[in-house]
Colleague: 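Attaching a single structure in structure tokens format; questions to follow.
Both backbone and side-chain heavy atoms feed into the values below; hydrogens, waters and symmetry mates do not. Residue numbering restarts at 1 for every chain, and letters A, B, ... go by the order of the sequence lines.
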Amino acid sequence: MIDMNKKWARFATYAVGLLIGAGMWQYFGARGNQLASASLTETFSRFIRLIENGELPTAVANSMQLYVAGFSAAIIAASALGLLMSRIRFLRVGIENYVMLLYATPMVAVVPFISSLLGPFFMAKFVVVFLFGFFPVLYNTLEGGRSLRPELVEVATSFRSGEMALWRDLLIPYTLPFILTGVRQGAGRALVGVVASEFLVSSSGMGGMIRYYDGNYIIEGVFATVIVLTAIGVLLMWLGRLLEDRFAAWRGLNR
Amino acid sequence: MSDAGSAAGSGSVEGTPRIAAKAVGKRFGDLQVFKDINMTIGEREIVTVVGPSGCGKTTLLRCVNGLLPVSEGEIQIEGTPVTRPRQGVAMVFQNFGLFPWKTVLSNVSYGLKLDGCPKEDLRDRSMEKIKLVGLEGFENSYPYQLSGGMQQRCGLARALAVEPSVLLMDEPFAAIDAQTREILQFELLRIWEMRPTSMMFVTHSIEEAVLMGHRVVVLKGRPSSVFETVEVDLPEPRGRETLSHPQFNELREHVWANLMDEVRAAEFEVN
């Protein structure tokens, strides 16, 4: 048995796993149906070409613009609404069921509807990304805000805090880690929203590239784009975890 | 320190008491918690309120703070009726009520900040109280890094920071282990001697009530009301030696005898 507690042993296992994966990709990619597969080396050389001719960087910039616009709007709107709902009872009782329903709905199902409602324009894509990112943030903010202990609210009242100061001193700092959990969950979903809208609303960005190369049986072009999406997804997850840990130090150790 | 003792006694004799409850009652819907409560607390006096669990002593304290409205009668602080929490009244909470995302320093300066204390004074004034309660060196710690006793020291410093003329203690040491509780009781007495205020101290511990109070208000009955007010004439300042004073034992047994039948009844009610 290899001792997995040794650093070098873990690293070696890691490397062997990657090598086997790369080898299998190369072997099956080269021998498979040329209209439905591409080898590692083919994908890599296509990747270099797509960067050199500027197609991939342009598409990434395009998609990320959509992502940042839609998701940041979603974060702001969802956390504001979530905080309001956690403090105003009738708002919570009135809207809560819709939030649960929409949180559970696979958002991709409503993309065609939004597309036909708003036309094949940026606005429709923006709304799609917004909706993908909105509900995880709202759900988590609401769950956080309402779990604020009543004793702490009583302390604030006892020290004559107004509602504004209560938000500043209690509600927002307490809810922030919950909001960030929502942001981390929403980050991945919003990326799905970007690709879905580029598939289904109108062709553009990385989603557009995938559609184009797939339609023309240039599978290495599809793979090269997907790898970039994977990298972005991993980066976002890492960033989300970092943010969450940074602001949730007191929460993790307190429970 | 004997003058501190006489000053404490004089509070109840002076013109207007700092806290006055006049025929106060509280109902939650159909449930009458307490009724017809009359008491006064002088400006340099510690009055403890003792009674069995569920007798409404904490509810009474919340009414004095203005966190809850009374159903009958009136509570006055410095002659004006209490309708909401007011400046100069600070509470120490049973479960400390510290904000876990704030350091000791920010927790202590919380009330000062709300009172509009200028930024440049905030730190100095908070640090002064942190030193007073013996938390120096821990000002940048978070509550989860502190023991229960230290957390309540922080809660006490937060209340003292606003320089209150009325200090409300809601079973402040109930959630703390026995040895630490004893230390904190004497600490609180020491701090009070340095800076006497009007203090209302709610507890279910008879021993604590007799040790801390210049007078002990015994609540009893359902709904509860004041069964008796016991004058505690123990020598001041009080300390560990007070616990072995013959009069201390006498008073403790007296209060205990009065409450025992009630506690028994409550026990059988549950069964």
Colleague: CD of A:E96: more than 12 outside heavy atoms within 6.0 angstrom?
Modeller: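 Yes, CD of A:E96 has more than 12 neighbouring heavy atoms, counting only those of other groups under 6.0 Å.
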Colleague: Quick check on the structure: residues of residues 164-176 of chain B within a heavy-atom distance below 4.5 Å of chain A, by number.
Modeller: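 Contacts with chain A: none.
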Colleague: Using non-hydrogen atoms only, which part of B:R62 is less than 4.5 Å away from chain A: side chain, backbone, both, or neither?
Modeller: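 Only the side chain of B:R62 comes within 4.5 Å of chain A.
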Colleague: Are more than 12 heavy atoms from other residues, nucleotides or ligands located less than 6.0 Å from atom CE of A:M237?
Modeller: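 Counting other residues, nucleotides and ligands, CE of A:M237 stays at 12 neighbours or fewer.
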Colleague: Looking at CZ of A:R168 and CG of B:L114, how far apart are the two atoms once the value is rounded to the nearest 0.5 Å?
Modeller: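 That separation rounds to 6.5 Å.
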Colleague: Below 4.5 Å from any heavy atom of chain A, which atoms of B:Q87 appear? Answer side chain, backbone, both or neither.
Modeller: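 Both parts, backbone and side chain.
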Colleague: Within the structure provided, determine whether B:Y110 and A:S161 are in side-chain contact (heavy-atom separation under 4.5 Å).
Modeller: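 Of all side-chain heavy-atom pairs linking A:S161 with B:Y110, at least one is under 4.5 Å.
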Colleague: Check whether any side-chain heavy atom of A:V155 lies under 4.5 Å from a side-chain heavy atom of B:R158, and answer yes or no.
Modeller: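 Contact flag for A:V155/B:R158 side chains = yes.
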Colleague: Taking only residues at least two apart or on different chains, which pairs with a member in residues 95-122 of chain B satisfy salt bridge (Lys or Arg N to Asp or Glu O under 4.0 Å)?
Modeller: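 Listed by first then second residue: A:R160-B:D115, A:D169-B:K113.
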Colleague: Is any side-chain heavy atom of B:F93 less than 4.5 Å from a side-chain heavy atom of A:S158?
Modeller: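 Heavy-atom side-chain distance check passes, below 4.5 Å.
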Colleague: Side chains of A:L176 and B:W101: closer than 4.5 Å at any heavy-atom pair?
Modeller: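 A:L176 does not reach B:W101 side chain to side chain.
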Colleague: Could you tell me the separation between the CZ atom of A:R149 and the CZ atom of B:F99, rounded to the nearest 0.5 Å?
Modeller: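 These two atoms lie 10.0 Å from each other.
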